[in-house]
Amino acid sequence: MAPNKIRPIFVAATRQHVGKTSVSLALCSGLQKRFGKKLGFIKPVGQEHVPVMTESGEPMKVDKDVKLIRSHFGLDHMHYEHMSPAIIPRGYTKQFIDGEVDREEQRRAIMTAFNETNAKSDVMLLEGTGHVGVGACVDASNAQVARMLNADMVLVANGGIGKSFDELYINHQACQINGVHVAGVVVNKVIPSKVEEVRSYMSRLLERWDVPLLGVVPDNPFLGYPALADFERLFQTKLLSGEEHRMRHFNVEDTILVTTGLDEFMKTMRSNQDAYRALYVTHVSRNDVILAFISEHQRKLALGLPSESALVLCGDPRFIMQQEINDMVTAGSAPILHVRENTWKVMTKIANFTPKLNIEDTARVAEAIEWYESKIDFDELTRRASEDRDRADVNVPGAAIGYGVSPPPLAGEGMPFIKAPSDLKGGLEATQYRR
């Protein structure tokens with residue numbers, strides 16, 4: 001295999017919920033088209049893990065984005081243990097501060113994962129966790145990892161000008177402190193009518209750092225619509241009925257708390273166009289509302305009309321659904337979810353919920369790739385990540401590590417890494433590579 005044509009690209013955000021994974025998906029797609037199917041992808045340090053089976057049939061845990069990207073892009077040439085070498089669960093920071101972790105072992109794990117993947121891949125993409133400084137308290141920030149792997153950084157910022165640049169400034173400073181070269185910036189979720197304005201002003205602001213604006217992505221509301229499957233995960237429950245509608249998406253602004261009498265609720269379901277795909281929320285004791293919702297669902301199906309809405313029943317564990325009502329619900333196909341929390345908590349969680357892209361939600365994943373890929377300047381990114389430049393500012397011994405050379409020594413470099421607790425298979429066990 002020919003050597004990599006560009007340096008590894010590391011994607012980080014300026015803060016949470018700015019669309020980093022969407023940008024990573026688009027970059028994976030675009031880089032595969034330009035450099036070949038053997039894309040290498042690593043999430044060096046992850047936080048949210050999911051169970052998978054390794055190629056040898058052994059269970060382990062990997063970062064959720066690793067599972068998504070490996071499956072979607074068919075990265076069969078890569079092993080899970082090399083894609084998610086470090087997972088940081090709850091309690092990790094305290095263990096690190098208390099000296100209960102092995103820094104050197106985890107550093108070697110990340111380097112081994114990178115070198116193994118790099119050797120099998122035509123181009124490398126790495127995705128960080130949150131903003132550039134996440135992980136600093138355990139000496140494993142995105143900037144520190146990018147420096148160790150000799151990767152160029154792509155920063156993803158939220159839409160706007162002033163506030164976005166202020167956030168970029170902080171993250172750019174963290175990159176400079178760690179000697180990380182910033183290949184470019186993607187500004188995301190921009191109000192569509194402001195795209196060209198943001199492009200003009202942000203480009204001029206970034207000239208101060210000699211950093212290009214790689215893309216301005218207008219907001220796409222659908223990408224923020226959770227599916228019923230997302231609500232199942234949010235509330236740690238399962239649909240009582242209507243499982244075939246798990247991937248139906250809802251605009252949380254169309255959530256309607258049902259506090260009215262039955263007549264008004266029926267009028268709302270039949271006449272309110274805004275409620276065409278509404279997410280109704282009511283207390284589990286409202287038998288009248290439950291039966292009316294089931295009846296309306298059945299009526300529409302009988303008439304050949306779409307029945308798009310869903311019903312969320314809530315109430316703390318003191319309130320139990322009557323057995324007769326439960327039997328009617330489970331015997332039907334109307335999408336109904338039962339959450340054992342009070343109404344206020346349920347409404348608050350729904351309003352504040354930001355769904356993450358996942359392997360189940362093929363519709364949103366496909367939409368994200370199509371929406372973002374066409375708006376990113378891959379030619380400029382490739383130029384920045386392949387140009388010859390002075391790496392003196394990086395100040396890392398063995399700076400060519402991204403091309404398979406031995407890693408820089410740990411001593412004196414401020415780059416210790418840590419080992420995941422032993423109860424996390426795929427955290428600790430991901431460091432024990434099978435050859």
Side-chain angles (χ1 to χ4, degrees), residues 7-24 26-27 41-48 63 65 84-88 92-93 96 106-107 110 114 124-160 162-189 202 205-206 208-215 217 354 356 376 381 384-385 391 393-396 399 401-402 408 413-418:
R7 284 180 294 277
I9 296 170
F10 195 111
V11 184
T14 56
R15 59 183 172 90
Q16 193 178 30
H17 303 321
V18 301
K20 173 173 51 64
T21 300
S22 296
V23 172
S24 293
L27 289 176
F41 179 84
I42 299 178
K43 185 102 176 212
V45 181
Q47 290 181 315
E48 299 180 48
D63 186 87
D65 292 337
S84 186
I87 296 175
I88 301 180
Y92 194 78
T93 301
F96 179 86
Q106 193 64 39
R107 185 192 70 83
I110 293 175
F114 178 82
M124 290 291 295
L125 183 74
L126 304 98
E127 183 183 345
T129 299
H131 60 74
V132 172
V134 168
C137 58
V138 292
D139 291 329
S141 72
N142 291 313
Q144 288 172 305
V145 176
R147 169 182 169 173
M148 185 176 72
L149 301 180
N150 191 32
D152 282 7
M153 186 77 76
V154 170
L155 293 174
V156 183
N158 216 37
K163 184 178 180 180
S164 294
F165 187 77
D166 292 346
E167 292 173 348
L168 280 166
Y169 176 83
I170 296 171
N171 286 269
H172 183 259
Q173 287 292 306
C175 289
Q176 286 194 312
I177 290 170
N178 286 277
V180 177
H181 180 255
V182 178
V185 168
V186 176
V187 181
N188 188 27
K189 300 181 182 179
M202 188 60 75
L205 285 169
L206 292 174
R208 301 177 183 179
W209 306 331
D210 190 28
V211 172
L213 180 62
L214 298 175
V217 183
T354 300
K356 296 295 184 180
I376 295 175
L381 174 60
R384 289 279 292 187
R391 296 291 293 181
D393 61 318
V394 176
N395 193 29
V396 178
I401 187 173
E413 285 304 306
M415 279 302 305
F417 282 86
I418 55 277

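All values reported here derive from a predicted model rather than from experimental measurement. The residues of the chain are indexed from 1 along the displayed sequence.
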Are side-chain heavy atoms of F10 and V180 found at a separation under 4.5 Å? no

So do I170 and T14 actually touch side chain to side chain, heavy atoms under 4.5 Å? no

Would you call the rings of W209 and F165 parallel, tilted or perpendicular if under 30° counts as parallel and over 60° as perpendicular? parallel

Would a 4.5 Å heavy-atom cut-off, applied to side chains only, mark E48 and T129 as touching? no

Could you check L27 against L381 for side chain to side chain contact (heavy atoms under 4.5 Å, CB included), going step by step and ending with a plain yes or no? CA-CA 10 Å; L27 289 176; L381 174 60; 3.7 Å; yes

Within this structure, what is the CD1-CG distance for the pair I376 and L213, rounded to the nearest 0.5 Å? 11.0 Å

With distance as the sole test, does D63 use its side chain to make a donor-acceptor pair with the main-chain N or O of S84 at under 3.5 Å? no

When every non-hydrogen atom of V18 is compared with those of A13, the smallest separation belongs to CG2-CB, 3.3 Å

Side chain to side chain donor-acceptor pair (under 3.5 Å) against D65, all qualifying residues, sequence neighbours excluded: T21, K43

Just so I know, are the side chains of H17 and K356 near enough to count as touching, which here means a heavy-atom distance under 4.5 Å? yes

Does I110 reach the side chain of V45, with side-chain heavy atoms less than 4.5 Å apart? yes

Who are the side chain to side chain donor-acceptor pair (under 3.5 Å) partners of E167, not counting sequence neighbours? R15

May I have the step-by-step check of side chain to side chain contact (heavy atoms under 4.5 Å, CB included) for R384 and D210, ending in yes or no? CA-CA 11 Å; R384 289 279 292 187; D210 190 28; 3.9 Å; yes

What is the minimum heavy-atom distance between N158 and V187, and which atoms define it? O-CG1, 3.7 Å

Nearest atoms (heavy-atom pairs only) where V132 meets A12: CG2-CB, 4.1 Å

Residue pair M202 / G160: nearest heavy atoms and the distance that separates them: CE-O, 3.6 Å

What's the spacing between L205 CG and Y169 OH if we round to 0.5 Å? 13.0 Å

In Å, rounded to the nearest 0.5 Å, how long is the span from OG of S22 to NZ of K189? 7.5 Å

As an exercise, state the distance from NE2 of H131 to CD of Q16, rounded to the nearest 0.5 Å. 9.0 Å

One should read off an interatomic distance between L155 CG and S164 OG, to the nearest 0.5 angstrom, of 12.0 Å

Contact between V145 and L126 at the side-chain level, heavy atoms closer than 4.5 Å - yes or no? no

On a heavy-atom basis, the closest approach of M153 and A146 is CE-CB, 3.9 Å

Under 3.5 Å: donor-acceptor pair, side chain of K20, backbone of G128: yes

May I ask you to test the P85-I42 pair for a side-chain heavy-atom distance under 4.5 Å? yes

Looking at residues at least two apart in the chain, or sitting in another chain, which of them share a side chain to side chain donor-acceptor pair (under 3.5 Å) with Q173? Q176

Under the 3.5 angstrom rule, does the side chain of R147 hit a backbone N or O of C175 as a donor-acceptor pair? no

Can you name the closest pair of heavy atoms from A136 and Q144 and give their distance? CA-OE1, 4.2 Å

Please identify each residue that fulfils side chain to side chain donor-acceptor pair (under 3.5 Å) with K163, with sequence neighbours left out. none

N178 side chain reached by M148 side chain, heavy atoms, under 4.5 Å: no

